Amino acid sequence: MLFPLPLVLAAAQLPLSFEAHKVSARFGGLTAPLRNGDQFGRALAPLGDLDLDGRSELAVGAHGDDDGGSERGAFHVLFLQADGTLRASTKASALSAAFAGRLDAGDQLGRALAGLGDLDGDGIPDLAAGVGKDDDGGPERGAVWLCFLARDGSVRATAKLSSTSGGLLGLAHRDEFGRAVCAPGDLDGDGIPDLIAGAPYDDGGGTNKGAVHLLFLQRDGSLKAQVELSQGRGGFVGPLVSGDLFGFALAWPGDVDGDGFPELLVGAPGDDDLGRTNVGAVWCLTLAADGSVRAQRKLGAATPLLGEALRAGDQFGTGVASAGDRDGDGRPELFLSAPKFDGAGLDRGAAWLLTLAPLGNVSALQRLSSFAGEFPTPLDNGDWLGSSVALLPDLDGDGTDELVLGARMDDDGGKDRGAFYLLFPRP
């Protein structure tokens with residue numbers, strides 16, 4: 001179902017106009033049934049072209065899925081057509097032959113997903129799937145499944161990174177490692193894709209300040225090396241305070257400020273800047289070749305233009321992604337979300353497109369929310385638009401990449417079954 005989005009006024013070169021296509025239990029042609037509480041749309045991961053039809057597939061998480069036991073979780077690999085409808089899909093869960101790993105009750109597969117590229121060298125893109133509630137080595141230390149995919153979207157083999165697998169070090173109880181994952185490509189120049197994972201409940205320096213792990217992978221999914229970014233580690237100085245949840249969301253947009261070095265986006269939705277409890281923030285970290293932080297800036301309540309609209313409880317920074325180069329300046333915009341933003345109703349959610357100036361200031365922004373004219377279809381209270389955000393390579397062949405927004409608490413077909421929206425840019 002398509003909904004036209006009118007032009008929304010904002011600063012500088014933005015705004016942009018979109019049409020939206022919704023995929024849920026009621027719209028878009030999803031064949032696998034969704035059940036109450038599945039929270040489909042919690043994670044979004046463009047995978048690359050599995051079936052060689054010229055379009056990228058999309059993995060969508062449903063971490064509340066109860067296949068095989070309570071909240072073992074699931075993800076769906078969707079084969080999309082040019083208009084955003086589904087041609088086919090494959091579901092991976094504890095009861096599905098499409099998943100080769102073992103899941104326990106409460107693991108929540110599908111809470112975090114990232115398309116890795118071809119990790120094992122077989123010519124087929126692979127997937128990282130975080131299970132932050134996994135109990136390997138102790139309660140909720142967390143883990144990441146590295147899923148080696150077949151062309152039909154099924155998982156033909158897995159490797160696991162946890163306190164007991166893959167050579168991972170440094171986790172403690174309830175760190176929830178794998179609560180966020182992102183794929184930066186080949187960081188160390190060895191020809192093998194690497195991975196970044198968040199552990200937002202890490203207590204280094206204070207309760208639930210959070211941490212991020214840069215993971216240098218080998219072809220079999222085991223670790224060659226790792227670097228931790230947290231308060232006082234890896235060149236990151238923060239400051240963080242207890243409860244910030246640094247590492248709750250991650251993205252690798254490339255060089256957003258034009259200084260020749262790549263940036264890493266790190267969500268911290270528990271940030272309390274300006275005394276606004278859980279208003280949230282996003283750290284934009286410039287990384288050196290060894291993975292350490294060479295520069296940092298923070299986007300949140302104290303940021304001009306952006307911060308004026310953020311309120312206590314919004315949890316800005318829950319979703320972070322590149323938006324691609326929307327204004328033609330050669331640098332990508334940022335796509336950031338706050339799923340508990342109230343807009344025209346409670347917890348309807350919102351996302352922002354942001355342009356950063358070379359010195360890190362916000363030079364342009366556009367909000368997508370339930371306020372009139374900002375989003376192309378009505379949102380309901382509690383939808384949590386912006387539960388996840390992603391950039392999907394050009395689906396309809398018009399030369400412009402699509403944006404994707406998850407709404408994991410959407411009630412289409414039943415309570416909290418979830419949904420996501422594909423946003424098609426229009427002149």
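These figures come from a predicted structure and were not determined experimentally.
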Is Asp401 reaching over with its side chain to a backbone N or O of Asp394, donor-acceptor style, under 3.5 angstrom?
-> yes

By salt bridge (charged side-chain N to carboxylate O under 4.0 Å, His left out) - contacts of Asp51 (at least two apart) | Arg87

In sequence, state the C-alpha distance, the side-chain angles, and the governing distance for Phe341 and Phe316, and then conclude on ring-ring contact (aromatic ring centres under 6.0 Å, His included).
-> CA-CA 8 Å; Phe341 179 86; Phe316 177 71; over 10 Å; no

Pair Asp122 + Arg156, salt bridge at N-O below 4.0 Å = yes

Does NZ or CZ of Arg179 come closer than 6.0 Å to the centre of the six-membered ring of Tyr201, within 45° of the ring's axis?
-> no

Does atom CZ of Arg233 have more than 12 heavy-atom neighbours, drawn from other residues, nucleotides or ligands, at distances under 6.0 Å?
-> no

What do you reckon, are the aromatic ring centroids of Phe424 and His21 less than 6.0 Å apart?
-> no

Glu333 bridged to Arg326 by N-O distance under 4.0 Å | no

salt_bridge(Asp188, Lys224) N-O dist < 4.0 Å | yes

Asp271 bridged to Arg276 by N-O distance under 4.0 Å | no

Under the side chain to side chain contact (heavy atoms under 4.5 Å, CB included) test, which residues partner Thr277, sequence neighbours left out?
-> Asp272

Can you list the residues that meet the salt bridge (charged side-chain N to carboxylate O under 4.0 Å, His left out) rule with Asp380, with sequence neighbours excluded?
-> none

Distance-only side-chain donor-acceptor flag, Asp136 / Thr164, under 3.5 Å | yes

Hey, does Leu353 have a side-chain heavy atom less than 4.5 Å from the side chain of Phe335?
-> yes

Does the pair Lys22/Asp412 count as a salt bridge with the N-to-O cut at 4.0 Å?
-> yes

Between Phe375 and Tyr421, is the gap from one ring center to the other below 6.0 Å?
-> yes

Any salt bridge between Arg331 and Asp255, counting N to O under 4.0 Å?
-> no

Please determine if Asp104 and Arg102 form a salt bridge, counting it only when a charged side-chain N lies under 4.0 Å from a carboxylate O.
-> yes

Check whether any side-chain heavy atom of Trp352 sits under 4.5 Å from a side-chain heavy atom of Leu310, and report yes or no.
-> yes

Would you call Asp202-Arg174 a salt bridge at under 4.0 Å N-O?
-> no

